[in-house]
Amino acid sequence: MNNSLAVVLIASGVAYGTPLLFAALGELLAERSGVLNLGVEGMMLVGAVMGFWADESFHVPTGIALALAIVVAALAGAVMAAVHAFLVITLRANQIVSGLALTIFAGAAGLSSYLGNDLQLSDKPARHAFGPLLPKALQNLPVVGPILLGQNILVYISWILVVGIGLYLTRTRPGLNVRAVGEAPSAADTMGINVTAYRYAHTLVGGALAGVGGATITLALTPQWVSGITGGSGWIAVALVIFAFWRPGLCLVGAYFFGALQAVAPELQARSISLGPTVLWTNSLPYLMTVLVLVVAASGTARRRLGAPGALGTAYVREAR
Amino acid sequence: MRVGIEQRLDRPRWLVVAVPVGSVVAAFVLAAIVLAVTGHNPVSTYKQLFEAGFLQQGSLTQTLTVATPLAFTGLAAAAAFRMKLYNIGAEGQMYMGTIVGAGAGLYFGGRGGPSVFVIGAMVIGGCLGGAGWALIPGVLRAFFNASEILTSLLLNYVAGLLLTYLIFESESYWRQTTGFNATVFPTSKPLPGSAIWPKWVLGLQGGLTVPLGAFLAVLCAALLWVAYRRTRFGFEVQVAGDSERAARYAGVRLRRKVLAVMALSGAIAGAGGASYVGDFSHALDGDPNGLQKLGYGYTGIVVAALGRYNPVAVVVIAFLLGGLENAGNTLQGVDFPAGLVGVVQGIILFSVLGGELLTRYRLRVTWRQHAPKPAPAPEAAA
Amino acid sequence: MPTTGPSVPAAGPAVVMRGITKRFPGVVANDHVDFEASPGEVHALLGENGAGKTTLCQVLSGLYRADEGEISVLGRPAAFGSPRDAIDAGVCMVHQHFHLVGRFTVAENLVLGDRRGAGRRFRIHPDAVDSQVRRLGERYRLPVDPRARVWQLSVGEQQRVEILKALYQDARVLILDEPTAVLTPEEADGLFVTLRDIAGEGRTVIFISHKLNEVKAVSDRVTVLRGGRNVGTVRAKDVTPRSLATLMVGRELEGPRTPARERARGEVLLDISGLWAEGDRGFPALKGVSLQVRAGEVVAVAGVAGNGQRELAETIAGVRPPTKGEVRVGAAVLKGGDPRSAFAAGVRYIPEDRLGTGVSPNLSVAMNLELRSFRRTSFGPLLRLRRMREGAQKAIAEFDIRAAAPETQAAHLSGGNVQKVVIAREFAGDLKVLVAASPTRGLDVAAVAMVHSYLLEAAASGAAVLLLSEDLGEVMALNDRIAVMYEGRLSEVADRGSLEEIAMRMAGGHPEDGQPDREPLEV
């Protein structure tokens, strides 16, 4: 039963969706503060390569090495995000162009591959990799075993993050403040909320989560480093935030849906089911579905209630005093 | 001390030149720091880059093979960004240009038409392929208000998959199906001679070869400059890019403009695709490690942004960045890591973006003390 | 109307401002202004547009720093670096453009930046916050639903939220900038009761206005600003509206406006019949509007903002498609939703949103002057750049536009000069119908006079002029006929001299009924 295609697809949907989920949650935090960061792909790649490097370099027990690797990946993502934050928050550069610049700088043909080559990380499996957290007996339970209980610790951390970010945004004072900063920065500023500090903080945390998302790929999903290994996941994560109407719970649903779509082709190949001429469609599915979802999300009638933060993409300029 | 930022009311002419130049200098300094930190000597690396890009025997010819597609994708991005339409799908639109352009070359060349006619058909085909692909995000933006940034980007991946599929996973029209090699390894059908674009050799660096595509790109830039500066169409695009409400008031039909500009942008990228096939690859390049690894579409965004969306500047920048890319390709090896060129490009882009602040705002540093004195005893006013 | 008079006496003044000077590039907004207000009083700041009232209050509320001068609040010296500093010192300002977060609930808006109430803790308990908000609303007779989303509230209700926000912060000094501009006369009366209540608790209310009657009615003292200077502080009960007006304008006002100028009335040029159109949110904003304007006539449409004036102007100009009905210019029926055909038929439009619609802000003055006519002046698809430049130079000279060159960006001009660009453009060529939507909002006195003279000149030259304005003074001064817009419907005022009838219609009533048919104010 646990080998049926449906169960396997859902289980690998969770596994493939976890990098997307981390990155989307990070982007969600940045966007909620009013900063659009299109550099997710680049931040993920730098997180992926630095996490992999840390995993290789520290000669410590597995658990500690992996924990260190995640911390390094988060820091690397945050440093990348800091460049974007400085440009768009302090220097008021165009957020779209700056985000694209970040992807070019850090992306598949930039810093991540520079580091991968310079540190000679290609063509070898990860020294330590994340494996299932819970005992074998639990993993073998029907259906819930592979889907819920057979996952690695990063999956469980991402669940905690979904709940935590949801509560943070709706039930805490900093959460209220960050939403105000993203919706109406001048109103927030009038009430003494430091718009700049909130935007920096959330953009940086967003970058850190994107970095962790990247490391999830190189240390758990496919434990190796290949230049450009994210293959557009960062962009799908950006689209996911729109699809999820800027809500963490819906991010989880969307991430697992797209994770499952990404898993379809490799899973069918693993079962030597020949795709024939449909290979093009199966491979294109995640991208085409994302386009479709964007269209549906954009033309929905609930946009006013659920739409983008009011000040998303705009620099906040306090009037001269 | 307080550092204030205030808007400039006038924009001195020297700033328009000084700031980009200063930004590029700053970028090379920053990139030097990255190099030094990772254990490379910046001075010798830059020297090598410059020599391999522009000075060595035959280097300019190589630079042109990179600069030509970059000029097309840069112009494509500039055409759309002018109207604040962030078409980042030049990559995919270029692939579609190679597919239709190569198709036209194979078909019309195979029937033995005159070369001028075949090449013309390839250019038109490339334009149609790119424009058609760009119209998908265009329609989604105009009629469904879906972000063209994401849709155009996601379609790049789909176009790449299609490109690979045509050569490696199907028995398509573009694939070589006869001959010994073709049965061992999937290869693409070579273009007939009449579909190969001409080149001109100049007496520079022992024979600088200029491909037809380079001239086409320059022509394209000139036309784009005229179209945006001196025509009604360009006027409307400028208004629409500045303020949608003012555009509606001025009677600009926004949906049509979105479609037209996306199609124009895609057509330019598609023409670049046709040029890539006719000038350089001479067959459809379906290899995932070929055209798809070069990322001309993305670098084109850098080119457009550095040229501030001015078509003439875009061509110049495409040549300079083409040299940089070419040097990166030539030198790639143990002591010259891949990805370095992307890093340098990214840093240049960041510096120019940051430097733009200085053309729009002026920094003012004020020294002032705030020692609130007690207010004098109140008395009735007036 | 509440009774005026000194309430709760207190020790010293609540606010003292001495020698406040605030300069902006090219303008001295406040020139050594002295001002003071006592606890427990409603103190009006009176002055014309551009007199420096708002700037003075923005200095007091920490939005701007004064270039010179000293401030003390409740006896303590104050040097506010930000609105937050002012709030902490007890000074809150309700701006004309509200500083509310539209997608937040009322309660969320109130606890934003809270440092003392139920929202100050890290964890927010929505129920505790809601009940605190509800209690506050009941205490000041400002009923609100704490769970309502602000964007769903009417403008009057949003203003109530702003006032509650200030009271939630326990403001000792409450400043309101032209609070009645967005209210019906009836809502304004309700506001005045609230303001007296607030002052009755020993708080200070500073109230910016340029309306003489309401200043006289609600305030204890009045400070009059003219040209950035304080020209006097008087007790409200010692003055008449007329003497206030003299102080405000600096000269004796002419008598009431003379009725119907001698002007030739021609045939009907603008003929609107049964016009329906949707607003931005997709609800009907025009509900069967019919109106005729003759050549040489100025029809003024009064009304509180948001009752469909903007939609009416846009529909006539072709920017907004009608859902029903038609607009005729002379004999020709305009194609709905097509600004080009409206323009071709001779409809000229001065939009309310000057910078952003009226001109394209980052384009040159020369391009903006051709914003609507470039299709006609071009040579086939090619623009005639030299002719555009020469035309711009001529317009700059003729309309006295203060721009460095035809290439200057429109955004770098002052409001009055931007309006001159719009007027220069709309007056060029064949002008048959002129639609002007709030054409003087935010302009200084000289620019207002300039705009008015152009409107009258257009009528004198035989155009049909439709003026939509919230400024009753402007409506009274310029009209040949008056109509009032209320909730998407237009009704003509029979007696164009009767302010009472206009006010009644603005609140949705009819003189025959005697009773306005508004819904109750409660949420």
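Just so it is clear, the model here is predicted, and its values are computed rather than measured. Chain letters run A, B, ... following the sequence lines, proteins first and then strands; every chain starts at 1.
- Judged by distance alone, the side chain of C/R372 and the main-chain N or O of B/Y249 form a donor-acceptor pair under 3.5 Å.
- Looking only at distances, a side-chain donor or acceptor of C/R340 sits under 3.5 Å from a matching main-chain atom of B/G251.
- In this structure, no portion of C/R354 lies under 4.5 Å from any heavy atom of chain B.
- The distance from the CG atom of C/D353 to the OG atom of B/S243 is 7.5 Å, given to the nearest 0.5 Å.
- Contacts between C/N368 and chain B at a heavy-atom distance below 4.5 Å are absent for every atom of the residue.
- Under the 3.5 Å distance criterion, the side-chain polar atoms of C/N362 are left unmatched by any main-chain donor or acceptor of B/D242.
- Residue pairs that meet the salt bridge (Lys or Arg N to Asp or Glu O under 4.0 Å) test with at least one member in residues 257-271 of chain B, sequence neighbours left out, are B/E236-B/K257.
- Proximity to chain B among residues 374-386 of chain C is limited to C/F374, C/R375, C/S378, C/G380, C/P381, C/L382, C/L383, C/L385, judged by heavy-atom separations below 4.5 angstrom.
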